[in-house]
There are 2 protein chains.
Amino acid sequence: MKIQTFLCVAALLLVAWIKLPDSEGTTQQKNKDTLPSWNDGPTKQAIVNFVKKTTTEGSADFIPAAERIATFDNDGTLWGEQPLYFQFAFAIDRIRAMAPEHPEWKNQQPFKAILEGDIKTALAGGEHDLLKIMMTTHAGMTTDEFSKTVEDWMRSAKHPKTGKRYNEMIYLPMVELLKYLRANDYKTFIVSGGGVDFMRVWVEKAYGIPPYMVVGSSGKVKYEVSKDGQPKLVKLPELNFIDDKEGKPVGIHQYIGKRPVFAAGNSDGDYQMLQWTTTATGYPRFGLIVHHTDADREWAYDRESHIGQLSKGLDDAGKYGWVMVDMKKDWKTIFVK
Amino acid sequence: MKIQTFLCVAALLLVAWIKLPDSEGTTQQKNKDTLPSWNDGPTKQAIVNFVKKTTTEGSADFIPAAERIATFDNDGTLWGEQPLYFQFAFAIDRIRAMAPEHPEWKNQQPFKAILEGDIKTALAGGEHDLLKIMMTTHAGMTTDEFSKTVEDWMRSAKHPKTGKRYNEMIYLPMVELLKYLRANDYKTFIVSGGGVDFMRVWVEKAYGIPPYMVVGSSGKVKYEVSKDGQPKLVKLPELNFIDDKEGKPVGIHQYIGKRPVFAAGNSDGDYQMLQWTTTATGYPRFGLIVHHTDADREWAYDRESHIGQLSKGLDDAGKYGWVMVDMKKDWKTIFVK
């Protein structure tokens, strides 16, 4: 080989190599298998087919990138929710941590029951007591202070059954699905009944979803400026928005402002979000339900469950064409760790 | 030149050329002058300096991309607002369009005054009448129907003084600033007292800001499923959120979930947003006030204006280090068209 030819080839390789980091995301690469934790089968195939047809220019089913809005429930869809919503486990741990400053709680329900480790009694008071627990632990501090308690809890608390940290009970196949959609220019949002201030602390790292793409339930906050001129936002013990059931399409409208083309949930709390998404005309739509079928690796529950009940969704999945994920059959791995 | 050398150079140029479309956004190109409608001077220099120092890795002032949150007021900051907020001009036009179906309006204030072209009298009733006008024109229809009326109006209505369509009264220098920030990995949000449903219809095209990055005032909406199974969202005549003054930091928290590092406004309605942004510690912060100083090309107003009053902001700009845009001096061009 002549020295000139060698230099030429070397220079070309160099330029090509410099170019490489920029070329992620070409159509060919985007559509490669990025769902390694999903078993081959009709569920995975349905997802891949949908993404391929909606991102292939010239296809009758093509969806412009700006319209590729995908919404995901969180509890039971992106991470576990048994035996209690993890945010409620956080609230219980907060009650315990706050108890020394509240000696009166020893004689006050639902606090008494929580401190005695009797969660069933604590929840027996219904919605009123639940709200009391949530407001006590989620209000009366600045937004920054609250974020810090969530961060600390996430770093230290462990799930009673699995012994994992709660953010290790995130579903790996769903994280792959989020990434796969984003690699195909879908915008991925969380639309969850969970508290938005609770989620935003950790979802960016966990799912790659920034705070402004998280829709959730919220309390009111108040802007205050202290005497030394420092402003703060204080969390008030007053509900602002409940992002569940009929609230999900409402939340999608108020926070996202576009009707999704893709929605994923796992319970009847997601029914209206799935319905709102998949009955729209114009572009193709995709509804996905994560069905908890794996008692060995996770939990198996649907119609009779107190948490994450799925009944109406099971009845109507066929009618609306919603694709069911059978966790036991469809997922090679459940958790990220 | 030998044929091999020629081929080699040609091949290198070819590869380099193929690479070009991917290389937009390298640091050098990002920081080139992308504010052509801004006159050289301290205001432009302050903006460019801030962007440069916060995006230079290794700089003490470097801000990670995920934290580069920039919030912009809309009325009077990104487009005009005189002699009446443009959304109010829309409401007046809607009252006129709806009048044939409401013969009773001929004898009912504030409708009577509007139909007689006497806007001053229509507004004399204060907040109560203003709310009546807004609720009449912004509720009682589906979200889709409302979007369509906004679209139609934006295509046809013209400003009484300039004769321009309202979306031609967008400030070109501010559109350039939005683009410049985005080219430097800033996320640009609108945080406006204006109605979110009104803005989202046209801001994506006008400013390159997608609906989910628009925070604004809103009414409540309700999810309903008709007998034939078609869901819809109906706009209710009930306030949901007022995104003005103290409401702006609240809206930033509830909708964006991160404290901005850059904020731009033009009136005292933006005071708290600027205060919330620029008093934060950790990263450098930038506050910008668009001061309406150009009576010839636009309008000149501040302390005494009914619309877009700027008084407290003028008093405290120095204290907080907010940079003032002098529209007359700093802007070569005002409007996009």
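Every chain is numbered from 1, with letters handed out A, B, ... down the list of sequences.
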Inset, instruction - Supply the atom-to-atom distance A/Asp228 CG to B/Thr279 OG1, rounded to the nearest 0.5 angstrom. - result: 10.0 Å
Chain A contact via [X] - side chain, backbone, both or neither, heavy atoms under 4.5 Å:
X        : result
B/Lys187 : side chain
B/Glu204 : side chain
B/Ser218 : side chain
B/Val225 : side chain
B/Pro210 : neither

Legend entry - Any donor-acceptor pair under 3.5 Å from A/Gln254 side chain to B/Gly219 backbone: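 Flag set: sc A/Gln254 to bb B/Gly219 pair under 3.5 Å.
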Would you say [X] and [Y] make side-chain contact, with heavy atoms under 4.5 Å?
X        : Y        : value
B/Val250 : A/Lys222 : no
A/Tyr223 : B/Gln275 : yes
B/Pro231 : A/Arg259 : yes
A/Leu233 : B/Trp276 : yes
B/Met213 : A/Met213 : no

Inset, instruction - Please determine, among B/Lys258, B/His253, B/Lys245, the option with the most heavy-atom pairs under 4.5 Å with chain A. - result: B/His253
Inset, instruction - Quick one: which of B/Lys248, B/Glu246, B/Arg200, B/Glu224 has the most heavy-atom pairs under 4.5 Å with chain A, could you say? - result: B/Arg200
Inset, instruction - Could you tell me which portion of A/Gln230 (side chain, backbone, both or neither) has an atom closer than 4.5 angstrom to a non-hydrogen atom of chain B? - result: side chain
Inset, instruction - For this output row, return yes or no: ring centroids of A/Phe189 and B/Tyr212 closer than 6.0 angstrom. - result: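 Yes: the rings meet the under 6.0 Å criterion.
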Inset, instruction - Look at the rings of A/Tyr255 and B/Tyr255 and say which category their plane angle falls in: under 30° parallel, 30 to 60° tilted, over 60° perpendicular. - result: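 Rings of A/Tyr255 and B/Tyr255: parallel, under 30°.
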Legend entry - Between A/Val196, A/Asp197, A/Ile69, the one whose heavy-atom pairs under 4.5 Å with chain B are most numerous: A/Asp197
